[in-house]
There are 2 protein chains.
Amino acid sequence: MPTNRRPRVTIDQVAQATGVSRQTVSRAINNKSEIDPETRQRVLDAARAMGYRPSRFARGLVRQDLITLGLVIADVLNPFFPEVTAGVLEAAERRGWQVVVYNTGSEHRKELEVVDLLFDQVDAGVAFLLHHDAIAKAAAGNLPFVLLDKGGRAPAVPGVRIDFEGGARRGLEYLIGKGHRRIAMLDDEMALSGEAPNARRELYLRVMGERGIPVDVGWIQPAHNSIDGGAAAMERLLSAHRDVTAVFAYNDVIAIGAQLRARALGLRVPEDCAFLGFDGLSIGELVEPPLTTLHIDKRRLGEIAVEQAALLLAGAGETEIPEAVIEPQLLIRASA
Amino acid sequence: MPTNRRPRVTIDQVAQATGVSRQTVSRAINNKSEIDPETRQRVLDAARAMGYRPSRFARGLVRQDLITLGLVIADVLNPFFPEVTAGVLEAAERRGWQVVVYNTGSEHRKELEVVDLLFDQVDAGVAFLLHHDAIAKAAAGNLPFVLLDKGGRAPAVPGVRIDFEGGARRGLEYLIGKGHRRIAMLDDEMALSGEAPNARRELYLRVMGERGIPVDVGWIQPAHNSIDGGAAAMERLLSAHRDVTAVFAYNDVIAIGAQLRARALGLRVPEDCAFLGFDGLSIGELVEPPLTTLHIDKRRLGEIAVEQAALLLAGAGETEIPEAVIEPQLLIRASA
DNA sequence: AAGGTCTCCGTGAACGCTCACGTGAGCGGT
DNA sequence: ACCGCTCACGTGAGCGTTCACGGAGACCTT
């Protein structure tokens, strides 16, 4: 259905129509000097009338300074990503780069596809990638490439590491310190299927072990990464283990869904059951009671990644990139 | 601090290093036939070793089919925009377009800047623009250009119109039908400063007039477009007019902030004061009680805009673009 | 009148790639 | 020995710009 493209109007055609050379047209279009004001206007008028627009390809070919950054995220609709995006956009703008955005939904096929695209379309990439082979593929090509959230995995790839271990530990110890013993975990079903080790669940098991608190397997519920997913998981959890006193969620979105459902089912928060999220999304302030969570500076995360990409682009070796770690901070609101 | 860029490795250099012609290198890189498997491997290895990556400019110059869409939004952090973005991204991906995103914060200077950038960097633009001159500038250039949310203003520019009048009327009449008479409005301070006529406020005044309900000027409070802004505006409103029974907000974000603050100040919702938002954001479900609102299909909005851009790109005149209107639907949750 | 400056404009060349060809080597069939 | 075919590869041209020049004329200056 898309009709055939209209043919491109070139600078030469404008030149011919105006009776000048292409260089003069170029001068007019780019607002340069060495051109008679009247001629400039004539050219501009003709250009507009003919629908002329310079080819960014031809331009980019000759002036090598236009940089495009590829930003790969999992889900625009998850509030986590817009915040990272804000950081990336800002840092990129400061450098005069433009940013093209790709959404993968963490689907395996899509991730691989996007990595391929990246090589063709951008000068550097900054990405959330879940699947091993997509990461490997991205790292293998010779495109400056930075991983947002590189878990313990993929040490060879430059990127920002979020210290999930430290964060989860702080959170769990806070819960335990408050006297909780029956602490359930609502895990991301994706992270569960992914090949990457899940730092949050591992830490959960480890800390519980350290404190000598027995963990019932039923306490770990996989949840779809969404409000509804969290709600459904909570309902499953409750039907089997009504006695849990605290819930540690994979992230805020799941935590919020869970807390909402728990309240709908008549539980008091935090008296009957406390909730602890992860990410520090601002929407955590909207629910009642406001969600206690491990806050990640997502904006900074995006900025750092761009800085690293800039270093890579400037010719730094992958080993020269300084390690960057983001430390989640316990943000006590009221749900736990 | 950014070191000097490393020079670009060209196809000819790879060719020379491998002892073949550039065409053969091209065949290897692009996975084409008419090449010996062993040669291909040799070339690929050399390319990787030398850090070769084809120039997207040179490529784009010869094959004319790569399309880049520019998406201009006001604020990534406002949940309204990610939803639109999702629609745009999806529609663009279906067409094999890539999308570059610009954030303006609705700042006048930034809007003008971004419009300039657009002309250089993309093949078509889809934008939220608040300021008149930015819109005019965008429309004047000969870049296929579509306005997301074209208010009654700018009839010459193609774009999607959101029927704020119809929506606001439905919402207001619902409130009035519920018996409310002292209905305040929390308006966007930006839209107030902007030159564009504010359909929501106008409708508010008109409908109130039609129903013979006198409006106190103090009932209209400007609010910064954020949760906190809504909260602050609500507090101002309450300190002057404690007797309002309903609040009609410019959008959900402001409504949520207002409702949160009202509850914090001891008001019961909706008994003491009802709240009506605009946009239909999913975060409206998180607050207590869930926010009643005029729901806009934001995803569809993005999709339609891309469709129109595609039409324009295919050579359709601006007048041939079918009018698209999005109708806000009253979504009754519990806050009103 | 000769020289010098300024203003305005045009001409190759180059950017890095792909496309449409052209070519030579190898091989089987007659 | 010839034709014809396939396979692997190379060559010229062209995509649409900008950059570094070069040059013609107008206008001063001495």
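Order of the sequence lines fixes the chain letters, A, B, ..., with proteins taken first and strands second; residue numbering starts at 1 for each chain. Predicted model, so just to flag it, every value in this text is computed and none were measured.
One atom, CG of B:Leu66, and another, C1' of D:dG16, lie 15 Å apart when rounded to the nearest Å. Rounded to an integer number of Å, the gap from CZ of A:Phe57 to C1' of D:dT18 is 17 Å. In this structure, A:Arg40 places its CZ atom 13 Å from C1' of C:dT7, rounding to the nearest Å. Rounded to whole angstrom, the span from the CD atom of B:Gln13 across to the P atom of C:dC15 amounts to 10 Å. Atom-to-atom, CG of B:Asp12 to P of C:dC15 comes out at 9 Å; the value is rounded to the nearest Å. Taking atom CD of B:Gln121 as the reference point, atom C1' of D:dT17 lies 15 Å away to the nearest angstrom. Residue A:Arg27 contributes atom CZ, which lies 11 Å from atom C1' of D:dA20 at whole-angstrom precision. Atom C1' of nucleotide D:dT17 and atom CG of B:Leu61 are separated by 8 Å, given to the nearest angstrom.
Nucleic acid contact class of A:Thr39 (heavy atoms, under 4.0 Å, all strands): sugar-phosphate only.
Checked against side-chain hydrogen bond (donor to acceptor under 3.5 Å, both in side chains), A:Asn225 has the following partners two or more places apart in sequence or in another chain: A:Asn251.
Across D:dT17, C:dC17, C:dT11, the shortest atom-to-atom separation from the side chain of A:Ile11 is found for D:dT17. Distances from the side chain of B:Gln23 to the nucleotides C:dC9, D:dT17, C:dT18 place C:dT18 closest. Listed candidates were D:dG16, D:dC19, C:dG10. Nearest to the side chain of A:Ala58 is D:dG16. Checked against D:dG16, D:dT18, C:dT18, the side chain of B:Arg63 finds its nearest nucleotide in C:dT18. Among D:dG14, D:dT17, C:dT11, the nucleotide with an atom closest to any side-chain atom of B:Val62 is D:dG14. In this structure, the nucleotide among D:dG16, D:dT18, C:dC19 sitting nearest to the side chain of A:Arg22 is D:dT18. Of all nucleotides listed (D:dT17, C:dG16, C:dC9), D:dT17 comes nearest to the side chain of A:Arg59.
A donor N or O paired with an acceptor N or O is not found under 3.5 Å between the base of D:dG16 and the side-chain atoms of A:Arg53. No hydrogens or angles were tested; on distance alone, nothing pairs the side chain of A:Arg56 with the base of D:dG16 as donor and acceptor under 3.5 Å. A donor-acceptor contact under 3.5 angstrom links the side-chain atoms of A:Glu34 to the base of C:dC9.
Within the 4.0 Å cut-off from OP1 or OP2 of D:dC19, at least one side-chain nitrogen or oxygen of A:Lys32 is found. For A:Ser26 and D:dT17, the shortest distance from a side-chain N or O to OP1 or OP2 is not below 4.0 Å. For A:Thr24, no side-chain nitrogen or oxygen approaches OP1 or OP2 of C:dC9 to under 4.0 Å. Contact annotation: A:Ser21 reaches the phosphate of C:dG10 (side-chain N/O to OP1 or OP2, under 4.0 Å).
Within a 6.0 Å radius of CD in A:Glu320, other residues, nucleotides and ligands contribute more than 12 heavy atoms.
Using a 4.0 Å cut-off between charged side-chain N and carboxylate O, B:Glu111 and B:Lys137 make no salt bridge. Using a 4.0 Å cut-off between charged side-chain N and carboxylate O, B:Asp120 and A:Arg59 make a salt bridge. With salt bridges taken as basic N to acidic carboxylate O contacts below 4.0 Å, none links B:Asp149 and B:Arg161. A salt bridge is defined here as a Lys NZ or Arg NE, NH1 or NH2 lying under 4.0 Å from an Asp or Glu carboxylate O, and A:Glu93 with B:Lys110 meets this definition.
Annotation: the terminal axes of the helix from C:dA1-D:dT30 to C:dT30-D:dA1 meet at 50°, where each axis is the rotation carrying the C1' atoms of four end pairs onto the next four (5 pairs per end, rounded to 10°).
Side-chain contact between B:Val62 and A:Phe57: absent, with no pair of heavy atoms (C-beta onward) separated by less than 4.5 Å.
Checked options B:Ile73, B:Leu69, B:Val101; the residue passing with B:Val88 is B:Leu69 (criterion: side chain to side chain contact (heavy atoms under 4.5 Å, CB included)).
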